[in-house]
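Sequential numbering from 1 along the given sequence is applied to the chain's residues.
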Amino acid sequence: SDGHLITIACSVGYLLHETDESKDITTLFDVKLELSNPNIVFEPSLDTTIANNFYDMTCSILDDIFNMATLVPRIAQDPDDNNTYLDIANGHDELGNLKTMLMGRIEFAIQQANTERLGFEKYSYLWTESRGDYMFYFTNFSRQLTEDEIVRFEEDEKLVKKVPPILPQYKEKIDHYEAIHDEAFQIERIKIFGKWFRADIRPFRQALLNEIKRWSWAFKKHLLDHVVNSLEEMNSFILMANEVLNIEVVEGDYENLIKVMQFLQKVKEKQSKYDDMFEPLKDVIAVLGLYDVAIPEKTLKQLQELSDKWGCTKRLSVTAKQAVAPLQGHEVSKLNERINDYEKRQKQVRIKYQEKRFFSYNCLSPYEHLSKSHIEIEFLESEVKELQSQAALFEVAVPDFPLVNQCRIENKMLKLLWD
């Protein structure tokens, strides 16, 4: 039995020697720190509640060492002694002390590694918070809303005033995450505890750096998309406007006249936006350049050329407006006639509506008549919208036509009353 005890003591002694930081030793055990969203974990795990954790693995190694005693049966044994060599080894005080000493070192190393891991929890918001939600609130309000404000905003968007951020605020956010990246970049790649327990931090470190860059890129990409989309939208509009404004409109060509008038209106509406757009976009590009964000060649070319193209489009709109002015005057006269005709019709419709059967309590089929009136009112409302749309193009004032609106209100009330 002494041979078995010596064999076990030799193996346990080797582990004790290799975990004695006072000795000239190298690493014996190795674990990796990883980001497993939402947790920071070691592989193998240092959490004793998880299967196949590191502590259980070391216990298994010790069990294997002690179980060497089961490989040789006892052949010369007192009849009253039922102990196996394993029982003898497990009951040996010195071996028990060696085992306790080793497991104490294992537990202490695990404690140190877990303390190191907890130190990285301060970065957890980077992968647990929603970048999409954060960007939504930032781009609309320049900040994150309080819980009370979020509740009110979800009830009615108008209850919380929107204040879009300005360029310096974007730069401030980008600098914030770039500073965090610089800090995280200094994290030690390898951490050794007690000279023998090695924690490879590189997998977690790289995952953390990637998460930080994703936050930083979210703000950069928003600015980049703003530049690209703004210029692309302007370029598309200029191409369409030039095509339509170059149409030669002849008398009686009402369809093309409307097209030209619509784009004349659009050019007028966009003038304040497009005239002052280029300098702010250049400022955005300058900020993105500080972070080596590549601007597409097409976008840079558009930035150089679209200012002159926009000037040409504005001059073309002046020419087109002069060309259609005579036709416009003729259409204005016709439009005024249509408005006057509609004014008369609405009075007639109002009189007929007030004579409908559903105003009487003994009406036998009120819902049928209400539905029919609803369709008639809907048709009249569509005519109003068309008149208002065309009137805006020709800069003609359109009355409110209150009698049609009154019919709509009463039709709803009568429906509720009959219900």
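Using a 4.5 Å heavy-atom cutoff, the side chains of Pro402 and Gln346 are in contact. Contact of the Thr27 side chain with the Trp196 side chain is not registered, since no non-hydrogen atoms from C-beta on lie closer than 4.5 Å. Side-chain contact between Asp275 and Lys314 is present, with heavy atoms from C-beta onward closer than 4.5 Å. By the 4.5 Å heavy-atom criterion applied to side chains, Leu15 and Ile61 are counted as neighbours. Taking the side chain as every heavy atom from C-beta outward, Pro203 and Glu43 never approach each other to under 4.5 Å. Between Glu255 and Ile258 the shortest side-chain heavy-atom distance does not fall below 4.5 Å. Considering only heavy atoms from C-beta on, Glu376 stays 4.5 Å or farther from Val349 through its side chain. The shortest distance between side-chain heavy atoms of Met57 and Pro44 falls below 4.5 Å.
For the salt bridge (Lys or Arg N to Asp or Glu O under 4.0 Å) condition, the pairs that include at least one residue of residues 144-153, sequence neighbours left out, are Arg143-Glu149, Asp148-Arg152. The side-chain hydrogen bond (donor to acceptor under 3.5 Å, both in side chains) contacts involving residues 102-111 comprise Thr19-Arg105, Tyr55-Glu107, where partners must be two or more places apart or lie in separate chains.
Side-chain atoms of Asn53 come within 3.5 Å of backbone atoms of Ile50 as a donor-acceptor pair (strictly under, hydrogens ignored). Remark: the backbone N or O of Ile166 is paired with a side-chain donor or acceptor of Gln169 at under 3.5 angstrom. Asp56 places no side-chain N or O within donor-acceptor distance of the main-chain N or O of Asn52, the cut-off being under 3.5 Å. For the pair Tyr367 (side chain) and Trp418 (backbone), a donor-acceptor distance under 3.5 Å is present. Checking side-chain atoms of Asp20 against main-chain N and O of Leu16 turns up no donor-acceptor pair under 3.5 Å. A donor-acceptor distance shorter than 3.5 angstrom exists from the side chain of Lys195 to the backbone of Lys23, with no hydrogens or angles considered.
Partners of Arg205 according to the salt bridge (Lys or Arg N to Asp or Glu O under 4.0 Å) rule, which considers only residues two or more places apart in sequence or in another chain, do not exist here. Under the side chain to side chain donor-acceptor pair (under 3.5 Å) criterion, Asp225 pairs with Lys221, not counting sequence neighbours. Applying the ring pair (Phe, Tyr, Trp, His ring centres under 6.0 Å) rule to His176 yields no partners; only residues at least two apart in sequence or on another chain are considered. Remark: Phe54 pairs with Phe29, Phe197 by the ring pair (Phe, Tyr, Trp, His ring centres under 6.0 Å) rule, at least two apart or across chains. Take Thr115 and apply the side chain to side chain donor-acceptor pair (under 3.5 Å) test, not counting sequence neighbours, and it matches no residue. Scored by the ring pair (Phe, Tyr, Trp, His ring centres under 6.0 Å) test, Phe193 finds no partners at all (sequence neighbours excluded). Applying the side chain to side chain donor-acceptor pair (under 3.5 Å) rule to Glu172 yields no partners; only residues at least two apart in sequence or on another chain are considered. With sequence neighbours left out, Lys282 forms a salt bridge (Lys or Arg N to Asp or Glu O under 4.0 Å) with Glu279.
Separating the CZ atom in Arg338 from the OG atom in Ser333 is a distance of 13.5 Å, to the nearest 0.5 Å. The distance from the CG atom of Asn411 to the CD atom of Gln406 is 11.5 Å, given to the nearest 0.5 Å. Expressed to the nearest 0.5 Å, how far CD of Glu211 lies from OG of Ser216 amounts to 13.0 Å. Annotation: the span from Asn229 atom CG to Leu224 atom CG amounts to 8.5 Å, rounded to 0.5 Å.
Of all heavy-atom pairs spanning Met103 and Thr58, the tightest one is CE-OG1, 3.7 Å. Heavy atoms only, all atoms of each residue included: Ser142 and Pro164 are closest at OG-C, 3.2 Å.
The pair Lys259-Glu243 does not meet the salt-bridge criterion, since no charged nitrogen lies less than 4.0 angstrom from a carboxylate oxygen. Contact check on Lys158 versus Asp156 returns no salt bridge, with no Lys/Arg side-chain nitrogen under 4.0 Å from an Asp/Glu carboxylate oxygen. Between Lys213 and Glu178 a salt bridge is recorded (basic side-chain N to carboxylate O distance below 4.0 Å). Looking at Glu269 and Lys266, no side-chain N of the basic residue comes within less than 4.0 Å of a carboxylate O on the acidic one, giving no salt bridge.
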request  = Could you walk me through whether Ser45 and Asp47 pass side-chain hydrogen bond (donor to acceptor under 3.5 Å, both in side chains), step by step?
outcome  = CA-CA 5 Å; Ser45 176; Asp47 184 350; 5.2 Å; no
query = Can you list the steps and then say if Trp127 with Leu208 is a side-chain contact (heavy atoms from CB on, under 4.5 Å)?
reply = CA-CA 8 Å; Trp127 59 84; Leu208 174 60; 3.9 Å; yes
request  = Let me see the working for Glu355 and Lys352 under salt bridge (charged side-chain N to carboxylate O under 4.0 Å, His left out), right down to the final yes or no.
outcome  = CA-CA 5 Å; Glu355 296 172 350; Lys352 289 182 179 180; over 6 Å; no
ask   = Are Gln186 and Glu183 close enough, and set up right, to give a side-chain hydrogen bond (donor to acceptor under 3.5 Å, both in side chains), and what steps lead you there?
value = CA-CA 6 Å; Gln186 302 303 319; Glu183 176 187 305; over 6 Å; no
task = Begin with the C-alpha distance, continue with both residues' side-chain angles, and end with the deciding distance and a verdict on side-chain contact (heavy atoms from CB on, under 4.5 Å) for Lys191 and Leu33.
result = CA-CA 10 Å; Lys191 189 77 174 180; Leu33 186 64; over 6 Å; no
task = Quick one: do Leu126 and Tyr177 satisfy side-chain contact (heavy atoms from CB on, under 4.5 Å)? Show the steps, please.
result = CA-CA 10 Å; Leu126 292 167; Tyr177 288 105; 3.9 Å; yes
ask   = Can Val260 and Val244 be said to form a side-chain contact (heavy atoms from CB on, under 4.5 Å), step by step?
value = CA-CA 6 Å; Val260 172; Val244 173; 4.3 Å; yes
inquiry  = Test salt bridge (charged side-chain N to carboxylate O under 4.0 Å, His left out) on Arg198 and Asp30; report intermediate values, then the result.
reply    = CA-CA 5 Å; Arg198 179 178 182 268; Asp30 182 277; 2.4 Å; yes
Tell me which donor-acceptor pairs under 3.5 Å the side chains of residues 133-141 have, and how far apart each pair is, sequence neighbours excluded?
residue: Tyr134; atom: OH; partner: Lys173; partner atom: NZ; Å: 2.6
residue: Thr139; atom: OG1; partner: Met135; partner atom: O; Å: 2.7
residue: Thr139; atom: OG1; partner: Phe136; partner atom: O; Å: 3.2
residue: Asn140; atom: ND2; partner: Phe136; partner atom: O; Å: 2.7

For residues 286-303, tabulate all N or O donor-acceptor pairs below 3.5 Å that involve a side-chain atom, not counting sequence neighbours.
residue: Tyr291; atom: OH; partner: Asp175; partner atom: OD1; Å: 2.4
residue: Lys298; atom: NZ; partner: Glu232; partner atom: OE1; Å: 3.3
residue: Gln302; atom: NE2; partner: Glu232; partner atom: OE1; Å: 3.1

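In this structure, Tyr14 places its OH atom where only 12 or fewer heavy-atom neighbours from other residues, nucleotides or ligands lie under 6.0 Å away. More than 12 heavy atoms of other residues, nucleotides or ligands shown are found within 6.0 angstrom of OH on Tyr254.
Side-chain contact check for Asn242 and Thr313: at least one donor-acceptor pair (N or O, by modelled atom type) lies under 3.5 Å.
Both the sub-6.0 Å distance and the 45° axial angle are satisfied by Lys270 relative to the ring of Phe237.
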